[in-house]
Amino acid sequence: MKRPLLLITMAALALIAGVLTPGVAHAANRLDNPGFETGDLTGWDCGTAGTVVTTPVHDGGHALAATATATSHAGCRQTVPVQPGTAYTLSAWVRGAPVYLGVTGGASTWTNSPQSFTALTVTFTTGATQTSAEVYLHGWYGAGTYHADDVVLDGPDGGPQEPGVPRAPGTPTVHEVTDSGLTLRWSPVQGEVTGYRVHEGDTLVATVPGTSVALTGLAACTSHTYRVTAYNDAGKSARSAPVTATTLGCADTGIPRHALIGYLHSSFANGSGYVPMSEVPAEWDIVNLAFGEPTTPTSGDIRFQLCPVSECPGVETEAEFTAAIAARQAQGKKVLISIGGANGQVQLTTTAARDKFVQSVSAIIDRYGLDGLDIDFEGHSLYLNPGDTDFRNPTTPVVVNLISALRTLKNRYGDDFVLTMAPETFFVQVGHQFYGGTGTGDNRTGAYLPVIHAMRDALNVLQVQHYNSGPVMGLDGRWHTMGGADFHIAMADMVKAGFTVANTGHTFPGLREDQIAVGLPAAVSAGNGHTPPAQVHQALDCLVKGTNCGGYTLRGGTSPALRGLMTWSINWDRYYGWEFQNSHRPYLDSLP
């Protein structure tokens with residue numbers, strides 16, 4: 001959320017890996033059909049984007065040709081077993097349109113439109129517990145056709161040494177989630193396969209002959225992480241990459257099943273005009289008061305005041321404001337104090353700042369009788385110190401102290417306390433490729449992940465800002481850019497399915513679907529990445545119903561209970577004639 005507008009661009013992140021010179025020889029190649037000499041795409045998952053051609057080729061008689069369109073990066077992927085904590089080298093010969101080569105959740109490189117076959121090489125080290133890796137090639141949106149040949153993954157075999165043992169299955173996807181069960185599906189493994197085994201941790205939970213399984217008897221509102229292996233008479237494969245799912249049936253917070261959530265400029269005008277609380281339409285289910293800000297970045301002392309008359313003529317009195325909040329709550333609506341924003345840097349570097357944060361936020365909540373708290377930390381509020389690489393056990397003070405403060409507030413106010421968070425993609429989904437504590441790149445990448453994970457049982461809504469964002473790599477190994485349905489589908493799916501965290505060897509478990517909302521700018525002036533209503537509805541059709549996905553495969557399955565839409569802001573929506581409210585409230589109401 002911006003006051004004034006703040007653009008955090010991550011385009012440079014997509015380009016940080018340089019073009020390297022490939023090694024002369026390879027000890028071994030772990031890929032199936034690396035030169036496409038079968039004459040087809042055996043071993044590769046290219047969707048509808050790729051084909052095998054006989055010219056041009058680098059060596060042999062065949063090569064890959066894939067055409068990137070306005071809505072597709074033309075990605076091709078292959079999952080292979082690897083050994084944990086081991087260095088690998090990935091290389092390919094490429095030409096034509098821009099080409100990217102990399103490993104999902106790890107290193108990547110690219111080249112821009114070579115006219116003849118050019119070598120790309122990238123090295124990576126697997127995580128401490130990693131047993132499979134997904135390598136990929138892809139182009140760039142609308143850039144045309146690229147060619148690839150002689151793709152090599154050089155390093156030790158991660159699977160059993162016996163001949164005939166199956167490769168690891170691809171990452172499972174989640175479907176048909178209920179209070180007590182869910183269904184997993186995965187793509188068939190090439191070659192002779194007797195069946196598949198499904199593991200939760202080290203426990204075998206199912207053995208099936210096909211590529212799906214219905215798991216039942218699960219507790220309501222619980223998270224589960226699964227991996228799949230393939231087996232035959234020769235042995236069993238390495239395990240697939242993990243997928244996380246959470247059963248339904250969580251406690252009712254009083255938030256509607258499909259909510260419309262908006263920020264209200266209560267302490268400033270921001271060029272869009274002041275909207276009194278009493279004039280906020282009833283269509284809005286959660287109103288986040290923007291913003292509570294600290295007296296200094298490290299004080300932890302949060303203050304909130306209504307917009308001054310000099311900036312907001314006609315502002316209501318505090319008594320009128322408080323009465324309007326109570327009136328909305330009587331209608332079943334929720335009103336929260338939002339902390340942070342673009343100007344409100346909050347760094348809880350000490351336990352004293354943590355305690356002051358708890359005390360001052362509680363005073364605001366009590367003063368206005370609010371329902372809870374929204375965390376909108378941006379800029380440099382959150383970061384990770386070098387070596388802080390396990391989001392499950394963070395050590396950086398600003399992260400540890402924030403988690404402690406939120407737990408204290410939740411315990412103080414009980415089950416009815418509403419907690420929401422509105423991070424930018426930089427602090428969440430970008431953690432799939434880059435994690436700040438690893439000491440490479442920006443130390444803020446992925447820095448919200450330990451906070452989200454620690455508070456997942458108390459978190460009501462995670463409303464990642466799908467705007468003011470650079471390109472972000474999704475679970476399909478493709479770069480996604482803001483402003484269209486594709487971006488919202490891919491970003492929400494990452495939060496639902498979970499994802500590997502850079503090269504840390506850890507996997508961030510996905511959230512429940514009822515915890516996920518899509519954050520959007522209300523209008524073109526509200527933030528970069530405004531999406532026309534029709535494309536927003538396309539994204540929701542895919543996420544909620546599994547239709548209109550534009551070729552994207554949901555790794556986390558459909559989300560019939562997706563919480564809804566968040567926008568910056570109610571003020572900007574009024575300024576533009578309530579387009580956001582009038583377009584999306586009826587759509588949300590039409591969902592089951």
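It should be emphasised that the depicted structure is a prediction, and the values quoted were computed from it without experimental measurement.
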Query raised in the report: With sequence neighbours left out, what residues match Arg303 under salt bridge (Lys or Arg N to Asp or Glu O under 4.0 Å)?
Result: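 Residues passing salt bridge (Lys or Arg N to Asp or Glu O under 4.0 Å) with Arg303: Asp301.
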
Any side-chain heavy atom of [X] within less than 4.5 Å of one from [Y]?
| X | Y | result |
| --- | --- | --- |
| Leu218 | Leu182 | yes |
| His466 | Phe487 | yes |
| Gln463 | Ile261 | yes |
| Leu554 | Cys542 | yes |
| Ile302 | Glu293 | no |
| Pro294 | Ser299 | yes |
| Arg574 | Ser272 | no |

Distance from [X] atom [atom1] to [Y] atom [atom2], nearest 0.5 Å?
| X | Y | atom1 | atom2 | answer |
| --- | --- | --- | --- | --- |
| Asn270 | Trp572 | CG | CH2 | 6.0 Å |
| Leu459 | His453 | CG | NE2 | 12.5 Å |
| Tyr435 | Phe508 | OH | CZ | 9.5 Å |
| Ile516 | Met566 | CD1 | CE | 13.5 Å |
| Lys334 | Ile286 | NZ | CD1 | 8.5 Å |
| Lys410 | Leu373 | NZ | CG | 11.0 Å |

Show the nearest heavy-atom pair for residues [X] and [Y], with the distance to one decimal.
| X | Y | value |
| --- | --- | --- |
| Ser267 | Gln305 | CB-O, 3.1 Å |
| Leu382 | Val398 | CD2-O, 3.9 Å |
| Pro586 | Gln581 | CD-O, 3.8 Å |
| Arg412 | Ser362 | NH1-OG, 2.8 Å |
| Ala517 | Leu565 | CB-N, 4.4 Å |
| Met421 | Leu406 | CE-CD1, 4.1 Å |

Could you tell me whether a side-chain N or O of [X] sits under 3.5 Å from a main-chain N or O of [Y], the two making a donor and an acceptor?
| X | Y | answer |
| --- | --- | --- |
| Ser266 | Leu289 | no |
| Ser590 | Tyr587 | yes |
| Thr322 | Ala319 | no |
| Asn468 | Gly527 | no |
| Lys496 | Thr558 | yes |
| Gln465 | Leu520 | no |
| Gln429 | Met491 | yes |
| Gln329 | Val335 | no |
| Asp493 | Ile489 | no |
| Arg354 | Leu402 | no |

Query raised in the report: So His584 and His537, would you call those rings parallel, tilted or perpendicular, with 30° and 60° as cut-offs?
Result: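 Perpendicular, since the angle between the ring planes exceeds 60°.
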
Query raised in the report: How would you list all residue pairs meeting salt bridge (Lys or Arg N to Asp or Glu O under 4.0 Å) that involve residues 548-563, not counting sequence neighbours?
Result: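 Only Asp514-Arg563 qualify under salt bridge (Lys or Arg N to Asp or Glu O under 4.0 Å).
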
**Report entry** Results of side chain to side chain donor-acceptor pair (under 3.5 Å) for Asp573 - residues two or more places apart only
**Finding:**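 So Asp573 forms no side chain to side chain donor-acceptor pair (under 3.5 Å) with any residue.
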
Report task. List for me each residue that meets side chain to side chain donor-acceptor pair (under 3.5 Å) alongside Asp416, sequence neighbours excluded, and say none if there are none. Result ->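 Result, side chain to side chain donor-acceptor pair (under 3.5 Å) vs Asp416: none returned.
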
Requested in this report: Run through Trp568, Phe291, Tyr575 and flag the one making a ring-ring contact (aromatic ring centres under 6.0 Å, His included) with His265.
Outcome: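 Looking at Trp568, Phe291, Tyr575, the match for His265 under the ring-ring contact (aromatic ring centres under 6.0 Å, His included) is Trp568.
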
Requested in this report: Scan Asp366, Asp371, Val418 and name whichever one has a side chain to side chain contact (heavy atoms under 4.5 Å, CB included) with Tyr413.
Outcome: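 The residue from Asp366, Asp371, Val418 that satisfies side chain to side chain contact (heavy atoms under 4.5 Å, CB included) with Tyr413 turns out to be Asp366.
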
Would you tell me whether [X] and [Y] have side-chain atoms, one donor and one acceptor, within less than 3.5 Å of each other?
| X | Y | answer |
| --- | --- | --- |
| Asp388 | Thr396 | yes |
| Asn571 | Tyr263 | no |
| Tyr274 | Glu316 | yes |
| Thr247 | Asp179 | no |

**Report entry** Set of side chain to side chain contact (heavy atoms under 4.5 Å, CB included) partners for Arg585, sequence neighbours left out
**Finding:**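 With sequence neighbours excluded, Arg585 shows a side chain to side chain contact (heavy atoms under 4.5 Å, CB included) to Leu260, Glu283, Asp285, Leu588, Asp589, given in chain and number order.
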
Requested in this report: Using the ring-ring contact (aromatic ring centres under 6.0 Å, His included) rule, collect all pairs that involve residues 332-368, keeping only residues at least two apart or in two chains.
Outcome: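 Applying ring-ring contact (aromatic ring centres under 6.0 Å, His included) to every pair that reaches into residues 332-368, excluding sequence neighbours, yields Phe304-Tyr368, Phe321-Tyr368.
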
Requested in this report: Test Asn460 against Thr420 for side chain to side chain donor-acceptor pair (under 3.5 Å), laying out the working first.
Outcome: CA-CA 6 Å; Asn460 297 107; Thr420 68; over 6 Å; no

Requested in this report: Taking the six-membered ring for Trp and the full ring for Phe, Tyr or His, determine whether the centres of His480 and His488 are under 6.0 Å apart.
Outcome: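 No.
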
Report task. Could you please spell out the steps behind the side chain to side chain donor-acceptor pair (under 3.5 Å) verdict for Asn288 and Ser338? Result -> CA-CA 6 Å; Asn288 294 325; Ser338 181; 5.7 Å; no

